[in-house]
Amino acid sequence: MRQQDFDIVIVGGGGAGLRAAIGAAEAAKEQGASQRIAMLSKVYPMRSHTVAAEGGAAAVTSSDDTHQAHFDDTVSGGDWLVEQGVVDYFVHHAYQELVQMERWGCPWSRKDDGQVQVRRFGGMKTARTWFAADKTGFHMLHTLFQTSLKYPEIERFDEYFVLDLAVHEGAVIGVIALQIATGELTLLRAKAVILATGGAGRLFRFNTNAGIVTGDGMAMAYRHGVALRDMEFVQYHPTGLPGSGILITEACRGEGGILLNKDGYRYLQDYGLGPETPLGQPENKYMELGPRDKLSQAFWQEQQAGRTGKFGDSDVVYLDLRHLGEKTILERLPFICELAKSYINVDPVKEPIPIRPAVHYTMGGIETNPQCETSITGLYAAGECASVGLHGANRLGSNSLTELLVFGRLAGEQASRRAAHTEWADSALLHAQAERQQATLARLCDGNRSGENWVDLKHAMVQAMESGCGIYRTEESMAQALAQIRKLRARYREIRVNDASKIFNTELLECLELGCGLDIAEASCLGALERRESRGAHQRLDEGMQTRDDVNYLKHSQVFYQGEAPARLHWQEVDVRFSAPAERAYGDAGKGDKV
Amino acid sequence: MNKTSSQRLPPLKRNWWLKHRFFKLYMLREATVLPLVFFLLCLMAGMVALVQGADSWQGWVGFMGSPVVLALNLLALAASLYHAATFFVLFPRVMPLRIAGRSLPDNMIVAGQWAGVVVVALLFFWLLGRA
Amino acid sequence: MNKTISVKRYVPDNAAESYWQAFELPVDDSTSLLDALNHIKEQLDSTLSYRWSCRMAICGSCGVMVNGIPKLGCKTFLRDYDGEIRIEPLAHFPVQRDLVVDMEIFLEHLAAVKPYLIDDDPVKPFDPQAPETYRQSPAQLARYKQFANCINCGLCYSACPQFGLNPEFRGPAAIALAHRYNQDSRDHGKKQRMAELNRHEGVWSCTFVGFCSKVCPKHVDPAAAVNQGKVEAAKHTLIALFKGDEMNGEGKAHE
Amino acid sequence: MSKQAMSKPGSPQAASHQQAFDEPLWWGLFSAGGVCFAVLLPAVILFIGVLLPLGLLPADALSYERATALLFSVPGFLFVGAVVCLPLFHAAHRLRHGLFDISVGRDGFNKKLMYGAAALLSMLALGLVVAGMLS
Ligand SMILES: Cc1cc2nc3c(=O)[nH]c(=O)nc-3n(C[C@H](O)[C@H](O)[C@H](O)COP(=O)(O)OP(=O)(O)OC[C@H]3O[C@@H](n4cnc5c(N)ncnc54)[C@H](O)[C@@H]3O)c2cc1C
Ligand code: SF4
Ligand code: F3S
Ligand code: FES
C-alpha cells in the first residue's frame, strides 16, 4: 500500500475544497511555513457539483444595504434555527470573498459603469446576489480551479475515492483512498483533514443534484462519531424540470418570471405571499420571490387541489418568462433557454416552462464549531457537507455559494494553523485501519458470494425518502421511512458487486456511495420523526404540529452513529444571542420586519 | 498522479481523413493548392516566354489552349472559388472586426470579401475585356 | 419504443482486446444517451463503466463518440438517431476501460498555458479590509466571455486531427482558455502565456480544421481562439524583435 | 506525482520549451497568400488561364506588346508578388501541413523543402520581371 505524507489533506474539489486549498496555501505562506497540501476528489475538480449552480452568490454590496439586513434575512429564512454568531461572521466576510473571486478573474456580470451587477433572489430583502449570467457556480468553480494551479504546494489526487478517515484517540491522522483508475489503495497521512464533499441530494429520487452528490463525507465523519446536525431539513427547490429534475434557477423569478397554475392564475397570492406584484416588477420577499420552502409547499397545496397541469407523468405548474422579452431572456438566462429546449423541448421565449419542486440542498450536515472544526481534533468540514449553522431550517438561495468561499477559506486557514504545530501519527496506526478497508472491499467484490443487488437497494432508498420525507411529512410516513431505511441498512451488509475488475470499477463506487447514503438517510429520517413541529423546510401535517414550537424545538437535532444499532438523537441549544425568534412572514404580512 | 499519463496512443493512421465527411472537405480545401500550383507554374512559364520574345509568347498561349492544360486550369478556377468560400468564412473568426465595441456581423464581412472578388474581376474586364 | 445501441467494451484485466456489445432498451422522446447508459448499468449489465455527473451538460464528464462524432452523452438524444447507434470512448485519448479515457494529458495542456489571472503589479492590490474590484465594462467582458464558457469536456481534442497526430499539441480548449485570459482587460500575463503559445506545439500546430468548434457543446469556438492566438503570437514576435527582448523562457522574473 | 510536476509554472520543462519564431513569418505569408488566392486568383485564372487561350478576349488584349508593357513595369512587379509569390507561399504552407496530415516525411525536412521551393520560385518570378524591365 502506498503511503504519502501531507500537512493538510482536503477531501473534495468543489467550491469549498478548492477555496480551502487556496486558503491553506496562503495561510502557510503567511506563517512562513512550507506545507504540503493534498486535495482528493472522486471526480476532476471542475466536474464537482458546484459547477451546476446557476443563480448567484450573496453579499451586502450596494450602499443602501446593510449587514444587519443580510443577517436578518438569513436568520428568519432559516426560521431561527441558525447559529447567529456564525451568520454574523458570514455576512461580514461575504463581500470580501466575492471581491477576491473577482480579483482572481471570475467573470461577474457587470453594469455599464464597469461595476459588478447584483440581482434579486428569493428571501433576500434587497438585490445583493452577484452573478455570472446564469452560470455562476460554473464560473466560480473554474476560476477557483484555475487559480489553484498557481500553487505548486497544492497536489491534486483527481479521481481518488476517499473511503475512510483514519482516526486515533479522538484526532484525525489521515485518510484512506481508492485510486479509481487502478483500484489501488493509497494512504495519506495528515496533520489536519478538511471534508468538503458536498451534499446528499441523491438520497431522494427526484432531485436537482449531480450523480456524485451522495453524502460520502457526511457518512465518513458520522461513522467516526461526529454528530450529523439538522439532517431533517432538506430543501425542495420549487422549479425543477419534470422528468430529470434539472434545475431552472431562481434567477428566472428574480428577473421577473411568474408562476402560474394550470388555469393561468398566480396562485402564490393565496399562500401568504401576496398581494400580487405587477408583471415585470418583481418585489423582494413577495410572490415569486418568497422563500423556497413556502413556494414548494404552495405547489403541494395546488397539487392536492387538482390545479396542477401534466407534463409526461409529472404534475407541474408553469414558470412564465415570456413577458421579459427575447432580449432579456437570452442575455440574462441563456443557459435556462438551452436547458429547457434540450431537455423538455420548450422554448422559454415562446412558452411557459413546466416545472415542479425537486430536492435541492441538504441544510444539515457534519456538525462543526464556528471555526469549522468538528468534534474530532484536526478534522474540519466546510461547504454543503458541513453544518456550521448558517442555514438552519431553510437555506436562502445564493447564500451557499458564498458559504463555500467564506468557510472554505476559514477551514483552510484553521487547518494550516493546526498543522503548523502538530506531528504526524505513527504510520502503523494508519496501516492497521487501511487493512480493515481492504478486507471490506475484498468482501464486497467477492464474486463467489450471492448477495443483495445495489440497484434494488438504491431504488428502495430513494423511494422511501421521497414518500417519507417529502415537502409535507406525517408521523406515519416518517416512521415508515425510518423503518424501511433501517431494514435496508441491514440488507446492505449483504450487498455484492458483480464487477470483479480493479480498473475504473464504477459499480463498486455506486455500492460504496449507497452505503454512505443509507447511513445518513437514517439520520435524516430520525431527525424528521423526532422533530414534532413544523419549521422551515420541515413541514408536518400532523395535528398540533403544523406550526413552529420554540418552547420545545428551538434546538438543533444531533444524530449519532451507533454502528449496526439504531442511531441516537440529541438536542442542542441554538445560538440566538442577537435576534429573538419572531414570526417568519413574507409578502405584505412581512412588512413589519425590522430592517 | 502516477496515473497513466505516460501512456500515449499511437498517432492517427494516414487515412484518418477518409472517415468523416468534414475531414474530406478539409482535405479538399487543403488540396485546392495543387491546381493552384499548376496554374502558377503555367503563369511563370508564360513569363519566361514573354522574356524570350513574341514567338514564344504565342507558343505559350497555344500551350495554354491545349485541352489538358485548359481542363486543369478550369479546375484551378473552381479550386480558387472553393478556396475563397472556405477562406472568407474564416476571416471574421480570426480577426473579428469591432466598430465602437460591437463586433461586425460575420456575414457582412463575408459579403464584403466576395464583393472584393467581383471588383477584381471587373478591374480585369476593364483592363483586358475591351479592345 | 425500443432501440439498440452498440457499445465498445474494454476491460483490460479481463481481456486484452476490446469488443462490441449490443443492448436493446426502451426509449422515449426525452431519453438521452446518458439515460440509456444508466439504464444499461442498472438493468442490463452493471459492469459497464463510463463517466457522468451533472446530467445537464455543464460538468463536462460524459463525452463519448457517437457514430464517430464526439458528443456529450447527456446532451445527445436517442430521438435524433434512426439507424444504428455506436458508442465508443473519446478518440485520441488512451482508453482506460470501456468508455473511460485517460484525460491526464488534457489537464497537463490546460495547466501549461497559465490559465489564471496574472496581474503582478496591480494598481490597487487586493486588501481584505477594504476590498475593491477591478472595473470592467460589459463590452470588455464580451471580448472574452465566450471563451470562458469552456466546460473542459475534451470533445474538441477528440475532434482535432492535429491533436490525434501529435498529442503534444496544446490543443483547442487549452489555447482557448489562454486566449480567454489574454483578452481579459484585467489581465497582464499575455507575455508569459505567449512563451507557451508561440511554439510549434502551441498555436502553430493548428491547421484550422475547424471540427473542434463544430463539436463544441458550449459554442466556445475554440478554432477562432486558436487562430486569433496566431495573430497575437505574430504580434508578440514582432514586438519581441523590435524590442530585442529575451524571448525564450518566462519573460521577466515573474514567479 | 508526474502530473503536478509537469503542470507547475516555472518548472524546468517550461523553460526548455522552444518558441517558434519562424512560424509567424510562414503563417503571415500563408495568410496573405490565402487572401490573394481568394480575391485575385479567380479573376486571374479566368482571364489568363481560360478566356485568353479560348480566344475570348479581344485580339490585342494580351498581345505580346501589351503583355510586355503590362508585366514589365512596377505595377507588374507588384502583380507578380501578389499573384505568384504570395500564393506560392500559401501553397507551400498547405503542402507542408498536408504532408504531415498524411504522415509523409518529417516536418523539419518538408518545411525546408516547401518554403525553400516557394522562395526560389518567387525569386525567379520577380527576377523575370526585373529582367524584362531591363531588357
Ligand atoms: C442545480 C443547483 C443549483 C444551485 N444554485 C445555487 C445558487 O445559485 N446559489 C447558491 O448559493 N447555491 C446554489 N446551489 C447550492 C451550491 O451549489 C452547493 O451547495 C455547493 O456548490 C456545494 O459545494 P461543495 O464544495 O460543498 O460541494 P461540491 O461542489 O458538491 O463538491 C464535492 C466534492 O467532494 C468530492 N467528493 C465527494 N465524495 C467524495 C469521496 N468519497 N471521495 C473523494 N471525493 C469526494 C467530489 O468529487 C467533489 O469534488 C445550487 C445547487 C444545485 C444542485
Ligand atoms: S472548447 Fe468546447 S469542446 Fe473543447 S473542451 Fe471546451 S467546451 Fe469542450
Ligand atoms: S480542429 Fe484542430 S487544427 Fe485547429 S481549428 Fe480546431 S484546433
Ligand atoms: S453529465 Fe455533466 S456534462 Fe454530461
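Order of the sequence lines fixes the chain letters, A, B, ..., with proteins taken first and strands second; residue numbering starts at 1 for each chain.
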**Complete:** Applying a strict 4.5 Å limit to non-hydrogen atoms, the region of Leu122(B) in contact with chain D is neither
**Fill in**
Honestly, the part of Thr32(B) sitting under 4.5 Å from a heavy atom of chain D is both
**Heavy-atom proximity to chain D below 4.5 Å, by part of Phe87(B)** = side chain
**Fill in**
Here the pair of heavy atoms bringing Phe89(D) nearest to Ser122(D) is CE1-OG, 3.6 Å
**Prompt:** Is there a donor-acceptor pair under 3.5 Å between the side chain of Trp16(B) and the backbone N or O of Asp101(D)?
**Reply:** yes
**Fill in**
Here the pair of heavy atoms bringing Pro87(D) nearest to Leu36(B) is O-CD2, 3.9 Å
**Request:** Identify the two heavy atoms, one from Ala61(D) and one from Leu128(B), that lie closest to each other, and give their separation to 0.1 Å.
**Result:** CB-O, 3.2 Å
**Prompt:** Which class fits the ring pair Phe37(D) and His90(D): parallel under 30°, tilted 30 to 60°, perpendicular over 60°?
**Reply:** perpendicular
**Item:** Donor-acceptor pair, side chain of Asn73(B) and main chain of Phe38(B), under 3.5 angstrom
**Value:** no
**Prompt:** So which part of Leu121(D) gets closer than 4.5 Å to some heavy atom of chain B, the side chain, the backbone, both or neither?
**Reply:** both
**Proximity breakdown for Val44(D) and chain B, heavy-atom pairs closer than 4.5 Å** = both
**Asked** Does any heavy atom of chain D fall under 4.5 Å from the side chain of Trp17(B), the backbone, both, or neither of them?
**Response** side chain
**Message:** So does Gly98(D) get a backbone contact from the side chain of Glu30(B), meaning a donor-acceptor N/O pair under 3.5 Å?
**Reply:** no
**Item:** Nearest atoms (heavy-atom pairs only) where Thr86(B) meets His83(B)
**Value:** OG1-O, 2.8 Å
**Which atoms of Phe125(B) approach chain D - backbone, side chain, both or neither, heavy atom under 4.5 Å** = both
**Item:** Side chain, backbone, both or neither of Val94(B) within contact of chain D (heavy atoms, under 4.5 Å)
**Value:** side chain
**Asked** Would you call Lys111(D)-Asp22(D) a salt bridge at under 4.0 Å N-O?
**Response** yes
**Request:** Count the heavy-atom pairs under 4.5 Å between each of Leu62(D), Leu52(D), Leu54(D), Leu46(D) and chain B, then report the option with the highest count.
**Result:** Leu62(D)
**Fill in**
Among Ala54(B), Ala121(B), Cys42(B), Ala84(B), the residue with the most heavy-atom pairs under 4.5 Å to chain D is Ala54(B)
**Message:** Only pairs of heavy atoms separated by less than 4.5 Å count here; which of Ala131(D), Gly55(D), Ser103(D), Ser63(D) has the most with chain B?
**Reply:** Ser103(D)
**Which portion of Ile102(D) sits near chain B, non-hydrogen atoms under 4.5 angstrom** = both
**Request:** Among the options Phe91(B), Trp114(B), Phe88(B), Tyr82(B), pick out the one with the most heavy-atom pairs lying under 4.5 Å from chain D.
**Result:** Phe88(B)
**Prompt:** What part of Leu90(B) is in contact with chain D, defined as an atom under 4.5 angstrom from a non-hydrogen atom: side chain, backbone, both or neither?
**Reply:** neither
**Message:** Looking at every heavy atom in both Phe72(D) and Leu128(D), which two are closest together, and how far apart are they?
**Reply:** CE2-O, 3.7 Å
**Request:** Could you tell me whether the side chain of Arg96(D) and the main chain of Met114(D) form a donor-acceptor pair under 3.5 Å?
**Result:** no
**Complete:** Between Gly81(D) and Leu126(D) the two heavy atoms that sit nearest each other are N-CD2, 4.2 Å
**Item:** Under 4.5 Å from any heavy atom of chain B - which part of Leu71(D)
**Value:** side chain
**Prompt:** With a 4.0 Å cut-off, would you call Asp60(D) and Arg66(D) a salt bridge?
**Reply:** no
**Fill in**
Under 4.5 Å to a heavy atom of chain D? For Tyr26(B) that would be side chain
**Asked** Which answer fits Leu50(B), side chain, backbone, both or neither, if we ask what part of it has an atom under 4.5 Å from a heavy atom of chain D?
**Response** both
**Inter-residue atom distance Leu88(D).CG - Tyr115(D).OH, 0.5 Å rounding** = 13.0 Å
**Fill in**
Turns out that what part of Val37(B) lies under 4.5 Å from chain D's heavy atoms comes down to side chain
**Prompt:** Who among Val84(D), Leu57(D), Leu51(D) has the most heavy-atom pairs with chain B under 4.5 Å?
**Reply:** Val84(D)
**Prompt:** In terms of heavy-atom proximity below 4.5 Å to chain B, should Leu70(D) be classed as side chain, backbone, both, or neither?
**Reply:** side chain
**Item:** Winner by heavy-atom pair count (cut-off under 4.5 Å) against chain B, out of Gly49(D), Ser135(D), Gly132(D), Pro42(D)
**Value:** Pro42(D)
**Complete:** Interface check, chain D: of Pro11(B), Ala49(B), Gly62(B), Gly53(B), most non-hydrogen pairs under 4.5 Å belong to Gly53(B)
**Complete:** So, the part of Leu77(B) with a heavy atom under 4.5 Å from chain D: the answer is both
**Fill in**
Most heavy-atom pairs under 4.5 Å with chain D, out of Lys13(B), Arg29(B), Gln58(B), belong to Arg29(B)
